[in-house]
Protein chains: 2
Amino acid sequence: MHDVAARAGVSHQTVSRVLNDFAGIRPETRERVLAAIRELGYRRNMAARALATGRSEVIGVIMPEVPHFGPTSTLYAIEHAAKKAGFKPLITTASWDPESMGQALDFLLGRSVDALVVMAQHPDVLAAVEATTDVPVLSVLTGSPRGTRAVAVDQIAGTRLALDHLYSLGHRRFQHITGIAGLTEAQLRRDTFLAFLDEHGLEHLPILEGDWSADAGYRAGLAVDEGVTALFCANDPMAMGAIHALEERGLRVPADVSVVGFDDVPEAAYAHPGLTTVHQDFTEVGLRAVAMLMDAISGREPAEVSPVEPWLVERQSTGPVRA
Amino acid sequence: MHDVAARAGVSHQTVSRVLNDFAGIRPETRERVLAAIRELGYRRNMAARALATGRSEVIGVIMPEVPHFGPTSTLYAIEHAAKKAGFKPLITTASWDPESMGQALDFLLGRSVDALVVMAQHPDVLAAVEATTDVPVLSVLTGSPRGTRAVAVDQIAGTRLALDHLYSLGHRRFQHITGIAGLTEAQLRRDTFLAFLDEHGLEHLPILEGDWSADAGYRAGLAVDEGVTALFCANDPMAMGAIHALEERGLRVPADVSVVGFDDVPEAAYAHPGLTTVHQDFTEVGLRAVAMLMDAISGREPAEVSPVEPWLVERQSTGPVRA
DNA sequence: ACCCGTCATGTTGACGGTAACATGGCGGAG
DNA sequence: CTCCGCCATGTTACCGTCAACATGACGGGT
């Protein structure tokens with residue numbers, strides 16, 4: 001910056017002012033400075049800037065350690081939305097145990113990130129994070145805002161869309177393949193499933209424990225009970241795995257068993273049969289998340305949070321229960 | 001840090017030495033400093049550290065703008081490998097036009113990243129990037145090392161695995177659905193496909209242009225020529241879309257048409273029929289990429305590059321050509 | 001007893017910006 | 001004509017850390 005100033009015949013402070021779009025710079029001076037910057041290929045050092053201002057234009061993102069569709073899509077959505085605001089994500093992964101989370105936090109906060117996005121797959125983490133720092137913290141993918149700053153797709157509504165759809169097709173024997181036990185979204189889908197059964201006085205068959213993977217879905221599909229006609233899977237890959245297993249067992253989808261997934265991954269439309277699923281709009285999640293963070297960073301009170309509404313996509317994997 | 005020093009009754013420099021694991025600190029002093037750090041919840045400011053040292057322990061990653069399986073998997077692999085070395089990825093997306101790439105570079109280099117990973121989907125970008133900076137630059141997902149620092153799965157070998165497999169099953173009428181035109185990997189798969197046809201004296205049917213998406217695969221599947229028995233798709237989602245389309249047209253897979261994908265996404269095993277595909281080991285790509293960067297950052301001459309070898313996963317979507 | 005090297009630690013000055021305050025020139029009002 | 005105030009720009013200090021050099025205590029060789 002010193003060199004630029006010398007070349008333009010001004011002080012380094014004037015260069016700084018030009019760079020920061022300060023008012024009250026003579027156009028001619030600004031031109032000279034800009035020319036010098038161009039000629040020298042100067043790029044301002046954000047470390048110094050961050051040191052002086054305490055802001056970094058970086059958003060820390062704590063992701064789960066496994067690249068599933070939801071977190072990944074959300075990350076991309078956040079990246080795109082943040083980019084427009086001049087921010088970039090600094091990514092780190094962490095599981096939800098305190099040590100891993102602590103390391104992630106140390107790293108990100110040490111870099112003076114301006115805000116934090118936590119893909120809070122576990123209910124406890126958010127409070128822990130908020131206690132550690134005073135930068136704005138936003139939780140994403142929790143399934144329910146719960147008072148704190150959060151953006152999420154409404155998991156309860158999504159689950160009910162799936163189950164109501166199956167119920168209205170006449171199904172009465174339901175089974176559920178869960179996501180990873182303990183993760184917020186998996187828990188919400190499971191709880192809602194159980195509540196739904198009770199509300200309609202339906203029989204509780206064993207819960208099939210999954211882990212989001214197509215492999216787990218396949219194994220669970222092999223274990224689906226006789227007589228089940230409606231299978232609600234906590235995500236699409238597990239649904240695909242389960243359908244594969246059911247067909248290996250000679251059960252046809254949807255003639256014998258109707259299957260619903262969750263997420264609406266791009267391949268769902270071309271699964272065989274086309275997968276009925278609950279669409280989650282992660283792009284919208286990313287947009288709202290960044291909007292809230294920008295508000296928080298600039299000290300504005302963030303607008304009211306409302307969960308992102310999912311919708312049901314009906315395809316060929318569900319049909320009326322056999323007469 | 002000043003406060004820590006005061007509390008421990010030492011100078012700030014001693015604190016710095018403890019933090020940086022300097023030799024020649026009396027154990028008792030070190031203990032006192034560490035205690036003070038703990039009590040004050042002190043965290044060292046990386047902006048200042050970066051300013052003073054010129055290093056940031058951050059690796060800049062330039063990703064393509066669309067979250068496809070390959071780049072995403074590689075990102076996760078890099079994140080995990082880099083974490084072990086104490087580095088984290090700073091992500092930005094860019095298309096391959098010079099302006100977008102320039103902005104991404106300005107951002108990352110301004111943050112004094114210690115190294116750069118470019119998911120160089122286009123052959124020109126790497127040279128452009130390298131000309132801009134003197135931090136180590138590594139290109140990933142190019143398909144071919146081409147002399148510069150690069151880590152990639154061998155696309156030519158992978159494509160040949162797929163085509164040899166089909167050929168050995170007796171297929172002689174091939175068609176290909178491409179990835180996004182111009183991207184390195186798509187181009188390499190396409191070029192290799194065309195070369196393969198020529199080597200075996202096979203007829204050139206129209207190339208079906210895709211864009212990696214299952215949707216494009218579906219549309220291309222509708223356009224597959226009559227009499228084609230072997231369809232090579234540039235990735236798995238397109239293969240799934242294409243199979244869906246073929247079956248809608250009354251063509252059975254693999255009885256009428258054998259289909260091979262590329263990537264081996266987790267769902268491929270549970271597609272219907274199970275998708276024969278070329279497995280790419282992105283974890284290995286990430287590991288090698290980080291290993292090379294760590295070498296380059298610490299000034300060691302990086303070890304010899306060798307492309308990561310893909311392998312063929314045979315499932316049910318391919319079979320012998322009908323008699 | 002003296003000198004000198006070594007070890008543990010302290011002191012000072014960058015690193016590259018920004019913020020707050022200081023300065024000088026210029027135009028308009030009295 | 002003089003004074004004041006504002007506008008454009010310059011000066012100085014500081015952000016938190018590391019690197020280089022400075023210091024002082026201690027101990028061993030002569």
Side-chain angles (χ1 to χ4, degrees), chain A residues 1-37 40-58 86 106-114 133-135, chain B residues 1-37 40-58 86 106-114 133-135 297-298:
Chain A
M1 182 180 247
H2 186 82
D3 300 346
V4 172
R7 176 152 194 138
V10 298
S11 76
H12 61 122
Q13 179 58 6
T14 301
V15 177
S16 170
R17 283 194 261 257
V18 169
L19 251 22
N20 292 328
D21 270 332
F22 248 73
I25 302 261
R26 203 178 310 169
E28 171 215 323
T29 312
R30 144 177 277 110
E31 235 359 279
R32 232 168 349 127
V33 170
L34 290 177
I37 288 176
L40 268 52
Y42 165 79
R43 183 152 36 210
R44 103 164 148 237
N45 181 327
M46 280 306 293
R49 190 171 151 81
L51 182 58
T53 61
R55 331 176 81 264
S56 60
E57 290 173 14
V58 167
D106 276 353
F107 184 91
L108 294 176
L109 295 176
R111 254 116 193 127
S112 36
V113 294
D114 293 336
T133 174
D134 49 356
V135 307
Chain B
M1 182 181 246
H2 187 80
D3 299 346
V4 171
R7 175 153 195 138
V10 298
S11 77
H12 60 120
Q13 179 58 9
T14 301
V15 177
S16 169
R17 282 193 263 256
V18 169
L19 251 22
N20 292 328
D21 269 334
F22 248 72
I25 303 260
R26 204 176 311 168
E28 171 216 322
T29 311
R30 144 176 279 112
E31 233 2 277
R32 228 164 357 124
V33 170
L34 290 178
I37 288 176
L40 269 53
Y42 165 79
R43 183 150 35 212
R44 96 165 162 261
N45 181 327
M46 279 307 291
R49 190 173 154 80
L51 181 59
T53 61
R55 333 176 79 263
S56 59
E57 290 171 16
V58 167
D106 275 353
F107 184 91
L108 294 176
L109 294 177
R111 259 138 190 102
S112 36
V113 294
D114 294 336
T133 173
D134 48 357
V135 307
I297 288 173
S298 50

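We name chains A, B, ... by the order of the sequence lines, and we start the count at 1 in each one.
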Trainee: Would you mind reading off the distance between Glu31(A) atom CD and dT9(D) atom P, rounded to a whole angstrom?
Mentor: 13 Å
Trainee: Looking at dG16(D), dT9(C), dG17(C), which one has an atom nearest to any side-chain atom of Tyr42(A)?
Mentor: dG17(C)
Trainee: Could you say whether Ala52(A) or Val10(B) is positioned toward the 5' end of DNA chain C, judged by the nucleotide with the nearest heavy atom to each?
Mentor: Val10(B)
Trainee: If you pin Arg17(B) and Ala48(B) to their nearest nucleotides in DNA chain D, which one's is more 5'?
Mentor: Ala48(B)
Trainee: Of the nucleotides dG16(C), dA19(D), dT18(C), which has the atom closest to the Gln13(B) side chain?
Mentor: dA19(D)
Trainee: Using a 4.0 Å heavy-atom cut-off, does Arg44(B) contact any base of the nucleic acid, only the sugar-phosphate backbone, or nothing at all?
Mentor: sugar-phosphate
Trainee: Expressed as a whole number of angstroms, how long is the span from Arg49(A):CZ to dG17(C):P?
Mentor: 10 Å
Trainee: Check whether Asn20(B) reaches the backbone of Phe22(B) with its side chain - one donor and one acceptor, N or O, closer than 3.5 Å.
Mentor: no
Trainee: Cation over ring, Arg44(A) on Tyr42(A), under 6.0 Å and within 45°?
Mentor: no
Trainee: When you check the phosphate oxygens OP1 and OP2 of dA8(C), does a side-chain N or O of Thr14(B) lie under 4.0 Å from one of them?
Mentor: no
Trainee: Name the residue closer to the 5' end of DNA chain D, choosing between Gly24(A) and Met1(B) according to the nucleotide with the nearest heavy atom.
Mentor: Gly24(A)
Trainee: What contact category does His2(B) fall into here, base, sugar-phosphate, or nothing, at under 4.0 angstrom with non-hydrogen atoms?
Mentor: nothing
Trainee: Side chains of Arg17(A) and Val33(A), heavy atoms from C-beta outward: is any pair under 4.5 Å?
Mentor: no
Trainee: To the nearest angstrom, how far is Arg55(B) atom CZ from dC18(D) atom P?
Mentor: 13 Å
Trainee: What nucleotide, of dG10(C), dT9(C), dT9(D), holds the atom closest to the side chain of Ser11(B)?
Mentor: dG10(C)
Trainee: Tell me the interatomic distance from Glu57(A), atom CD, to dG17(C), atom P, rounded to whole angstroms.
Mentor: 14 Å
Trainee: Using only atom types and a distance under 3.5 Å, with no angle test, would you say the side chain of Arg111(B) pairs donor to acceptor with the backbone of Met46(A)?
Mentor: no
Trainee: Over how many whole Å does the gap from Leu51(A) atom CG to dG17(C) atom C1' extend?
Mentor: 8 Å
Trainee: Would you say Ser56(B)'s side chain and Ser112(B)'s backbone share a donor-acceptor pair under 3.5 angstrom?
Mentor: yes
Trainee: For the side chain of Arg7(A) and the backbone of Ala36(A), is there at least one donor-acceptor N/O pair under 3.5 Å apart?
Mentor: no
Trainee: Measure CG/Asp21(B) against P/dA19(D) and give the value in whole Å, please.
Mentor: 13 Å
Trainee: Can you tell which of dG10(C), dA19(C), dC18(D) lies closest to the side chain of Thr53(A)?
Mentor: dA19(C)
Trainee: When you measure from the side-chain N and O atoms of Thr29(A) to the phosphate of dT9(D), is any distance below 4.0 Å, counting only OP1 and OP2?
Mentor: yes
Trainee: dT17(D), dT11(D), dG16(C): which one has an atom nearest the side-chain heavy atoms of Asn45(A)?
Mentor: dG16(C)
Trainee: Could you tell me the separation between the CD1 atom of Ile25(A) and the C1' atom of dT18(C), rounded to a whole number of Å?
Mentor: 14 Å
Trainee: Measure CZ/Phe22(B) against C1'/dT9(C) and give the value in whole Å, please.
Mentor: 13 Å
Trainee: Under 4.0 Å between a side-chain N or O of Arg26(B) and OP1 or OP2 of dA8(C)?
Mentor: no
Trainee: Scan Leu19(B) against the nucleic acid and name what it touches under 4.0 Å (heavy atoms): base, sugar-phosphate only, or nothing.
Mentor: nothing
